[in-house]
2 protein chains.
Amino acid sequence: MQKISPSTATDHLPHLAYDSVIFGFSGTQLKILIMEYHNTNIFALPGGFVLKNEHLNDAVRRGLKERTGLDNIHLEQFYTFGDADRNNAEPMRTILVNNGLSPEKYHWMLERFISVAYYALINYKDVVPQPDALSDSCRWYPVNALPPLMMDHALIVEKALQTLRDNLDRKLARGNLLPPKFTMKELQQAYEAILGTKLLRTTFQRRMLSLNLLERHEKQYSGGAHKAPYLYSFIKG
Amino acid sequence: MQKISPSTATDHLPHLAYDSVIFGFSGTQLKILIMEYHNTNIFALPGGFVLKNEHLNDAVRRGLKERTGLDNIHLEQFYTFGDADRNNAEPMRTILVNNGLSPEKYHWMLERFISVAYYALINYKDVVPQPDALSDSCRWYPVNALPPLMMDHALIVEKALQTLRDNLDRKLARGNLLPPKFTMKELQQAYEAILGTKLLRTTFQRRMLSLNLLERHEKQYSGGAHKAPYLYSFIKG
DNA sequence: ATCCTATTGTCTCAATTTGTGACAATAATA
DNA sequence: TATTATTGTCACAAATTGAGACAATAGGAT
C-alpha cells in the first residue's frame, strides 16, 4: 500500500497505484515483504503512487528504495489489475482514522485504483525493512504462510509466482535472490522453493552448467564434514 | 488510439488508456489492425479509454467490439507503458483540428497517458474493420510492413510479438488466429509467421500431436492434385 | 482409363538430451 | 587413521528430436 503525505492529492496521478511483490530467499524458504499498518491489523503489499511527471518505472524504484533502502534492483512489471471495484475505502478509512488523519481530506485515496504490479528478486540478507509513516511493520513472510492480505493482494502474489515460474532461468539470473556467489546446492534450493518441486541433483547441475549463465569460482570451505563445493555467480549480460 | 465523444472528459478515468494489438493471419502473413486518422496521415493502434465504473478488461473488449464487430475474443494483457512523456499532444491536436474540434475543449486528451496494452488473436476472415468517427481507415498491415506509428506504438507492437512468441502453443490454442478447423500445414504456417523461422514438417507434426491440444476431424478435399490433409481443431478447455 | 505430380501421413534410424544411479574425491570429526 | 556427509563427474538407459525415406492419395494431363 501507499505512503501518505498531505501533498499527495495534487502531486499524483489519480486512480493509479502500483504494488510490488518483493521476493527474498532464506535457507529453503521463499519469502515476501508484507506491510502491516499501524494499529490496524491490515496487511498489504508495499505500493505507492506515481507523480504527475514521473516515469511509472521510476515511481516503483523510488518506493522500493524508501521501504528497503535498496537501489539498483531489477524490477519486472507483470500485470495491471483494473477491476472497477478495486478501492481501499474500508481499510483506508480505518488506517486514516487510526493515524489521526481525516478521511475527508484524503478522499481521493478511497476511490477506485488501477494498480500496476511489479516483482523483484532481492537478497534477503541485504534488507532491513523500514516501516514507513503509517506502518508499524514491514516484514518477511514465507509465501506459503502469508497473513490475510487486503483487497486483491493475495491474487497479485499468486500471479507474481506464476509469472516467476516460467522462464525462471533468465529471471533468476537477472535478479538478486541469491548472494553474488553461491553454491550449486543453494541455487537448486532456490529453484525448488520457487517451483514448489524437488529436482534431481545431477540433472539440475548438468542443466545449469549447460545454460552458460554461470561462472565458476574458488571452492567454499563450508565447515561441513565433506568435500567443499564450488562457488558460482551469474554472468551478467 | 481513442474514440472521441464530447462527454469523454467527465466519464473516463484521466491519464489512463489502453492500446490493442490485434493479430490476424492470412495465407502466410501475420497482420495487425492499424488505424489511420481522417485527413492526418497519423497511424496508431486501436485503443481507447476506461469508464469510471468499468472494468479495465471490459473497456478493452468494448473497444474491440466497436472496431471489429467481434465479440467473445480472448484478449491478453501483456504490458503497461508508463513513461512520463507519453502524450498525444501534437498528433491529437492535428486530429482534433482536422475534424473541426477544439483542442481547448479536449485538453484532457493532450496530457500524459499511461497505457495498458493487450493483444488478441482473431480470425482474419471474420473481420470487416469499421473505421470510427475520427478515422478514415482501420486496416490490416503485415507485421513486417507497418506504416510509421505514432508515439511508442511500434514499441508496443514489438513487445506484443515478443510476448506472443513464448509459450506460443498455449496462446494459439486459446486464440482464434486460425479458423475453427484447419490443416496441419496452415497451423505450421501460422507458427512460422509468428516465430519468423522455418520449421521441419515431420518434427512439427509430431510435436503438435504430442501436445494433446488438437482434435482430428474429417479430411479436406482441397482441390489440389495430391492427398487430402486432415482437418484439426483445438480442444478448448 | 492411365500416368504424372505435389502433398500428406507415417516410419525409421541417427543424434541429442534427459533420467538415474554409481563412484571416487574430499573436509571435517571421532 | 577411519568414518561420514557431501560433491563433482562419469556411465548407461530412456526419451525426445532431427532428417530423410516411402507409400498413399487427389487431382490434372495424356
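Proteins get letters first, then strands, A, B, ... in listed order; numbering begins at 1 in each. The structure presented is a predicted model; accordingly, all values stated were derived computationally and were not measured.
Considering only side-chain atoms of Thr203(A), the nucleotide from dA5(D), dG19(C), dT7(D) that sits closest is dG19(C). Distances from the side chain of Tyr230(A) to the nucleotides dG20(D), dG8(D), dG18(D) place dG8(D) closest. With dT17(D), dG27(D), dG9(C) as the choices, the nucleotide that has an atom nearest any side-chain atom of Arg206(B) turns out to be dT17(D). Of the candidate nucleotides dG19(C), dG8(D), dG9(C), dG8(D) has the atom nearest to the side chain of Lys219(A). With dT18(C), dT25(D), dT9(D) as the candidates, the nucleotide lying closest to the side chain of Gln205(A) is dT9(D). For Arg216(B), the listed nucleotide lying nearest its side chain is dT10(C); candidates were dT10(C), dT4(D), dA25(C). Of the candidate nucleotides dG19(C), dG9(C), dA21(D), dA21(D) has the atom lying nearest to any side-chain atom of Thr202(B).
Residue Glu192(A) forms a salt bridge (charged side-chain N to carboxylate O under 4.0 Å, His left out) with just one option from Arg165(A), Lys198(A), Arg201(A), and that option is Lys198(A).
Put simply, CE on Met208(A) is 16 Å from P on dT9(D), counting in whole angstrom units. A straight line from CD of Glu218(B) to P of dG9(C) spans 13 Å, rounded to a whole angstrom. Whole-Å rounding puts the Leu231(A) CG to dT7(D) C1' distance at 13 Å. For the pair Arg201(A) CZ and dC10(D) P, the interatomic distance rounds to 13 Å; values are reported in whole Å. Atom CZ of Phe204(A) is separated from atom P of dT7(D) by 12 Å (rounded to the nearest Å). Here the P atom of nucleotide dG8(D) and the CG atom of Leu200(A) are 16 Å apart, to the nearest Å. Distance CG (Leu209(B)) to C1' (dT17(D)): 15 Å, rounded to an integer number of Å. Distance Lys227(B) NZ to dT7(C) P: 14 Å, rounded to the nearest Å.
At the heavy-atom level, Ser222(B) lies nowhere under 4.0 Å from the strands shown. No contact: Ser210(B) has no heavy atom under 4.0 Å from any strand.
Below 30°, between 30° and 60°, or above 60°: for Tyr141(A) and Phe43(A) the angle between ring planes is above 60°, a perpendicular geometry. In this pair, Phe204(B) and Tyr191(B) present their aromatic rings perpendicular. The plane angle is above 60°, beyond the 30 to 60° band.
Proximity of the aromatic rings of Phe23(B) and Phe25(B) is defined here by a centroid distance below 6.0 angstrom, and this criterion is not met.
Side-chain N/O atoms of Arg207(A) and base N/O atoms of dG19(C) include no donor-acceptor pair closer than 3.5 Å.
A 4.5 Å side-chain heavy-atom check between Glu76(A) and Lys171(A) finds every atom pair outside the cut-off.
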